[in-house]
Amino acid sequence: MEATTILPILKKKLAFLSGGKDRRSGLILTIPLSSDQTSMEELSATLDYLLSIPSEKCKARGFTVIVDGRKSQWNIVKTVVLMLQNVIPAEVSLVCVVKPDEFWDKKVTHFCFWKEKDRLGFEVILVSANKLTRYIEPCQLTDDFGGSLDYDHNDWLNKRLVFEKFTKESTSLLDELSIINDSDKSSAVDKDKSADCALLPSFDPETVLQTGNSWCPMEEELLAQPQVMKLLDSLREQYTRYQELCRQRNKRTQLDEIHTKVMQVVTWLQGPGSELLKTHQAIGDSMRAAQALQQKHEEIESQHSEWFAVYVELNQQIAALLSAGEEEEVVELKALQQQLSDVCYRQAAQLESRQNVLQAAQGFHSTTQELSQQLDGLLGMLCADVAPADGASIQQNLKLLEEKLQTVEAGLSSLRQKGGVLLEQMCSQPPWMLEETESPAGEQQDNIQQIQAVMEEMQLRKQRCEDMVDVRRLKMLQMVQLFKCEEDALQAVEWLGELLDALLKTHVRLGDDSQETRTMLDKHRKFVDVAQSTYDYGRQLLQATVVLCQSLRCTTRSSGDTLPRLNRVWKQFSVSAEERQQRLELALKFHTSAERVLQQECVEAESLDEVDSSGKTLLDRLTLPVIFPDGSEQFFGSPSDTAAAAEGVRERLLLVEERRLQLQEAR
């Protein structure tokens, strides 16, 4: 009987073997009666199944049956006890009926069991749950009866199902393996694939063995551990023979499969694979074309990668077979391995060389495109009109022009370097690769000429731009000089204006004596010389601007109002300086005459009159303004400054008048 046939009944736990033992080492069979009506047929089926589990040796020691009647009625308990006589009369040693707290009729129960004792063939006792330990040790009782023995009915049932499944599968597997192993001895093994199908048993041996090896029964005597070990030993023996048989068959078929796959790889690589590389040797004439060629090459590499993956797999298979192969097989395998490796490495070298050429071509075309854009930008800058507002703008434009030219020179240098790398990559291809390509010399020569033509064209464009840069640089430097001359000319006008302003506002004093006046007259001449130099410098700058404008053909640009301003300021300064000099000369004449008459003991009246006349002339001159050529007037200094200068003259005139009175009194 198998558990699967009565699985719903077993799940009800009408009876169970917990693994506990009585003091005679007999197994304990527990029948937990419930308050519901218990089916005697189901209980009988459960007992039949449970009693089929222990070994005969275990059965000989007898059973102790615990009938748990705490939740049941007396007539059901009695029926169960009587049923044990029919199911297991010889195996039962003792029946312990666990009575409920509300005890049945003592007289009836005692009388019934006493009367049936001889007929039953085993002893029946009524006992409370807490006194069950008088007959059975607590460690052999489950927790339902206050014991410490662990028992999980669902776990036990699952293990039984696994055990029975293992027993069934292992027995069937042993029969199949025996037939397969024996059939191999009596007949030659067919090399066709159909032979492999005949070698497949109904169950996976590894799975069945794993199930048996992981078997851990709760109790050896209950779960027939020796039976499991015997099945495992037999299964391992037959499986080992089966594995050897499969290994030999697989080894024989592997050789043919490997040879077929090797020839497939070699045929494709030397045929369609090589043809793909032969028909793709161009380097493109632009970055976009080179990228398209790179994309196509990646597609070719992808196709090769699939076959290279097959090569790696085959190489591993061959290496595995070489380690355990016989001499004839080793020779054949090594020849296949060498042929496969030569073809694959050769094809991989061609792919790598082509990839290097394409990468170099992309770098070359990218640099060419960038350099062309730089040259276009430089040419656009050179063709644009130069109309800066000032010298600083021209300097900035000149700096930007030089930077662009340096960038172009660096780009051309980079182009030469990358062109050299590309030519080197193209010329460094192995001779056998060039032999396999169609018309290798012609196509490669075209590529070389294309690269050289591009570099020559970029060199010519760069040279033309350099020539234009030289012309533009000269023009911009002249414009810088023009702006500088104009700025300096304006500065000269400002300086001359400042000198005029200083002359009119601060050069007022005439000196207190002849010596001081003479010194002031010398300083005035030097002051005028500085102004004359400033005026001459401004005139020269303005003449230079005229020459530069003619050189630059700048007809719309001239000195503007700078020259009239310069001439106007200079005329005003000249008039003012002349007036200042005349006043100083009059003052010198006055002080010299006055000092002479004041120092001489004998002075004539004419000398005194001359001093008096020159003093009055000087005073009158101080009251007059400077009249500029345009009719405008300007006084020297402030009224107070003029009054101070006149006061010095008047004081000297008073001294001369006192001298006149002294001389008159002396006569």
Side-chain angles (χ1 to χ4, degrees), residues 269-270 272-305 346-383 404-469:
L269 291 179
Q270 292 181 339
S274 296
E275 190 65 26
L276 285 172
L277 289 176
K278 288 178 184 179
T279 55
H280 292 85
Q281 294 296 322
I283 61 172
D285 57 358
S286 65
M287 185 62 187
R288 181 176 298 179
Q291 290 174 344
L293 290 172
Q294 174 65 34
Q295 184 176 0
K296 181 61 180 177
H297 180 72
E298 290 174 357
E299 294 175 0
I300 295 175
E301 280 187 331
S302 178
Q303 295 178 32
H304 279 76
S305 297
R346 193 166 182 172
Q347 198 74 359
Q350 292 187 53
L351 286 170
E352 183 179 6
S353 178
R354 174 61 178 166
Q355 176 64 28
N356 293 336
V357 169
L358 287 175
Q359 287 181 349
Q362 288 186 70
F364 177 77
H365 290 309
S366 175
T367 305
T368 300
Q369 181 177 333
E370 184 177 355
L371 178 59
S372 180
Q373 293 174 352
Q374 293 170 353
L375 287 168
D376 291 341
L378 179 58
L379 183 61
M381 185 176 180
L382 291 170
C383 293
K404 283 185 175 293
L405 183 59
Q406 291 177 2
T407 302
V408 167
E409 291 175 350
L412 184 60
S413 177
S414 177
L415 181 65
R416 293 195 190 100
Q417 186 266 334
K418 292 186 178 180
V421 171
L422 178 55
L423 290 173
E424 182 181 355
Q425 290 289 345
M426 293 173 59
C427 297
S428 63
Q429 296 180 0
W432 51 263
M433 187 183 300
L434 298 177
E435 292 173 1
E436 291 183 357
T437 58
E438 297 178 358
S439 303
E443 189 165 1
Q444 184 174 4
Q445 189 62 31
D446 292 342
N447 291 336
I448 293 174
Q449 291 177 356
Q450 174 188 343
I451 296 168
Q452 294 174 344
V454 170
M455 290 193 292
E456 290 174 359
E457 180 188 358
M458 291 297 108
Q459 176 63 37
L460 289 175
R461 289 181 61 185
K462 184 252 184 184
Q463 187 61 48
R464 288 195 296 269
C465 286
E466 275 187 340
D467 296 340
M468 296 177 68
V469 167

Could you tell me if the side chain of L460 sits less than 4.5 Å from the side chain of E457, heavy atoms only? no

side-chain hydrogen bond (donor to acceptor under 3.5 Å, both in side chains) between E298 and Q294, worked out: CA-CA 6 Å; E298 290 174 357; Q294 174 65 34; 3.3 Å; yes

Hey, is the main chain of I283 close enough, under 3.5 Å, to the side chain of H365 for a donor-acceptor pair? yes

Is it the case that over 12 heavy atoms from other parts of the model lie below 6.0 angstrom from the CD atom of Q295? no

Considering all heavy atoms of both residues, which atom of D285 and which atom of Q450 are nearest to each other, and what is their separation? CA-NE2, 3.3 Å

Please report the closest heavy-atom contact between Q362 and A290, naming both atoms and the distance. CG-CB, 3.8 Å

Straight-line distance of Q350 CD to S274 OG, nearest 0.5 Å: 5.5 Å

If only side-chain N and O atoms count, and only distance matters, is there a donor-acceptor pair under 3.5 Å linking H297 with E301? yes

Nearest atoms (heavy-atom pairs only) where A289 meets G284: CB-CA, 4.0 Å

Closest non-hydrogen atom pair, Q303 against L276: OE1-CD1, 3.3 Å

For I451 and M426, the nearest pair of non-hydrogen atoms, with its separation, is CD1-SD, 3.7 Å

Tabulate below the donor-acceptor pairs under 3.5 Å that side-chain atoms of residues 414-421 make, not counting sequence neighbours, or state none.
unit_1 : atom_1 : unit_2 : atom_2 : d
R416   : NH2    : Q459   : OE1    : 2.4
K418   : NZ     : T367   : OG1    : 3.1

Distance col, row I300:CD1 vs E275:CD, nearest 0.5 angstrom, shows 11.0 Å

Quick one: does L378's side chain get under 4.5 Å of V469's, heavy atoms only? yes

Mind jotting down which residue pairs meet the salt bridge (charged side-chain N to carboxylate O under 4.0 Å, His left out) criterion with at least one end in residues 358-374? Sequence neighbours excluded, please. none

Min side-chain heavy-atom separation H304-L269 under 4.5 Å: yes

Is any side-chain heavy atom of N356 less than 4.5 Å from a side-chain heavy atom of E424? no

Any L371 side-chain heavy atom under 4.5 Å of L375 side chain: yes

Looking just at side-chain N and O atoms, do Q270 and Q347 make a donor-acceptor pair shorter than 3.5 Å? no

Look up atom CG in L405 and atom CD in Q374, then write down how far apart they are to the nearest 0.5 Å. 11.0 Å

What are the two closest heavy atoms between K462 and V408, and how far apart are they? CG-CG1, 3.6 Å

How long is the straight-line distance from CD of Q425 back to OG of S353, given to the nearest 0.5 Å? 7.0 Å

Kindly indicate whether the side chain of E409, heavy atoms from C-beta on, has any atom under 4.5 Å from the side chain of E466. yes

